[in-house]
Amino acid sequence: MKKKSRGFGVYFLLIAALLGVCVWISTMNKEDNSYEYTQLSEDLEAKKVESITIQPNKETPTGVAKVIFKNDQKKLLYATDITEVEKLARQYKEAGEIELEVTDIPSENWFLNYLFPILVGLVVLVFIFIMLNARNAGGGGGTNAKMMNFGKSRARLADGSNVTFQDVAGLREEKEDLEEIVDFLKSPEKYVQVGARIPKGVLLEGPPGTGKTLLAKAIAGEANVPFFTISGSDFVEMFVGVGASRVRDLFAEAKKNAPCIIFIDEIDAVARRRGTGMGGGHDEREQTLNQLLVEMDGFGVNEGIIVLAATNRVDILDPAILRPGRFDRKVTVGTPDVGGREEILKVHARKKPLADDVDLKQIAQTTAGFTGADLENLLNESAILAAKSGRLFITQEDIKHSFIKVGIGSEKKSKIISDHEKRITAYHESGHAILFHLLPDVGPVYTVSIIPTGMGAAGYTMPLPEKDEMFLTKSKMLQDIMVSLGGRIAEELIFGSDDITTGASNDIKVATKEARRMVTKYGMSEKLGVINYDDSDDEVFIGRDLAHPKSHSEEISGVIDLEVKAIIDDCYDKAKKMLLENQEILHSCASLLLEKERINREEFEALFTV
Ligand code: ADP
Ligand code: MG
Ligand code: ZN
């Protein structure tokens, strides 16, 4: 910080000096401009004058008369009619009393008129550049803030971050994953000995505010190695080539400091899918991304550099970045469950005095869908409320008030979930999960969650496929459809058909697509035979359909639709029957979900053994 302000002082002096020079130049011709014609004729009369130099201006007859007195004094006379002055002076010259010199009408002074303003302009421009750069280079880099360091990386060496894993609440598995990396950097030999290949890149992924940046900072605090941090947007500059050169510089710097960690926050700014630049002009970003990929391929295995990156948007990342040898380890940082929320609240309540009536557990229960950042904000707002009313501690009432402010606050509206909605979601996800479990070719279930994902989904059920299949079989596809419909069926069974929600629209879409593919692409319908009726192979070109002739008749279209419906109806009936047979588990699964919000494989499978 000190360094930075000193830098600014120097610049300030420079500018001041420059201004001084400007002022001086503009005044140096005007030593005394109060001298007048009448005065001059008096002085001539009194024989005080030694010599006169007459300089006509470009715009004659105006001009300047430089008058030198016998006592060496010098005066300038700015005349509106210099010929008048000349006439007067000539009289005295002829009388031999003074010397007179008349200069030519000056040609244009190109230096003062053209070059000088250009120079001044240049100096100002350069100054602005330096200023901007110095600002962005930040304090930590210090010596980096040289002139013209556009191509230099803007990575900052984290200065002994005081965040540790203790400050990161919840996120147990995520922390475990990352501790491994910290451990590798601390004692690489241990891993190299057994021939382990440590991932080069780790991608932290999850909705905003869930603690990705915090986790990275904690790693910086835990690992005793240099930690370079840079934000994806720092690579994106106005000038083509700057981003790429920054990447190069960053990795060069890192290699010098290995073992070390590079942290690229908000990597989506550079690593967006290539070739989707709307309206062109994204060459710069592509170059930067290419350079990043080249660099990541460039350093060897176990060279001691680990690239950590964070993003809210894995969906828009270029697939190349996720290839093995690059960011091959992905750590998903999700919205916290009840337990996680309570822990986060505890962490943030550490420095805030709470009244006895504050029940963090209860707050955790009512804040489903809140991220760490939301919870931090909640407590902060409560503290502000408490301070406003002149108290030294936060009461449960303060928190309740802030809850409305934080939760209902414009964009977070969708996150406040009523108990009823929560119940519906719990049954919906249980429906999916039970079918995953019971059907032979799908599943097993890895996680079931009713924590809103922040991306519009109210919950999710995640299977853990055990085998990697080359082919989809017809029965597997049918089972997939049944699972997709399971959520909706469970809602119907429990809440009746009046209370079914719109939440299943995506499930229905997935099921329909699958059924349609079976009929039109894989020849799995007996009525239609083994013929491809699917013309939508290149979904990339939106609007292509319009110009594209259908490869089959309207009649066939009708049959396709009927066949799709038949498949869906059949799956629906079978799935419904299975769920009806397992209604007890449906109830127990839903209530376990309501209690825990997120359950893992063991907890889920235990439901079937009672
Ligand atoms: P992200 O980078 O995922 O968008 P941040 O790491 O910037 O989110 O988190 C923002 C803030 O939210 C943090 O500074 C911290 O105060 C709070 N926070 C988020 N997650 C946690 C957590 N697991 N434990 C403690 N605080 C958290
Ligand atoms: Mg962040
Ligand atoms: Zn669903």
Donor-acceptor pair between Gln365 and Glu342 side chains, under 3.5 angstrom: no
Charged N-O contact under 4.0 Å between Glu563 and Arg516: no
SB check Glu176 Arg172 (cutoff 4.0 Å): no
Residues His348 and Glu376: side-chain donor-acceptor under 3.5 angstrom: no
Residues Lys212, Glu266: salt bridge by 4.0 Å N-O rule: no
Heavy atoms from other residues, nucleotides or ligands near OH of Tyr446 exceed 12 (cutoff 6.0 Å): no
Minimum-distance pair of heavy atoms, taken over all atoms of Asp337 and Lys596: CB-O, 4.0 Å
Arg313/Asp315 ion pair, N-O < 4.0 Å: yes
Distance-minimising heavy-atom pair for Pro336 and Glu597: O-OE1, 4.4 Å
Close side-chain approach of Phe263 and Ile230, heavy atoms under 4.5 Å: no
Charged N-O contact under 4.0 Å between Glu514 and Arg517: yes
Minimum-distance pair of heavy atoms, taken over all atoms of Ala575 and Ile489: CB-CD1, 3.5 Å
Atom of Arg341, atom of Phe370 and distance for their closest heavy-atom approach: CD-O, 4.1 Å
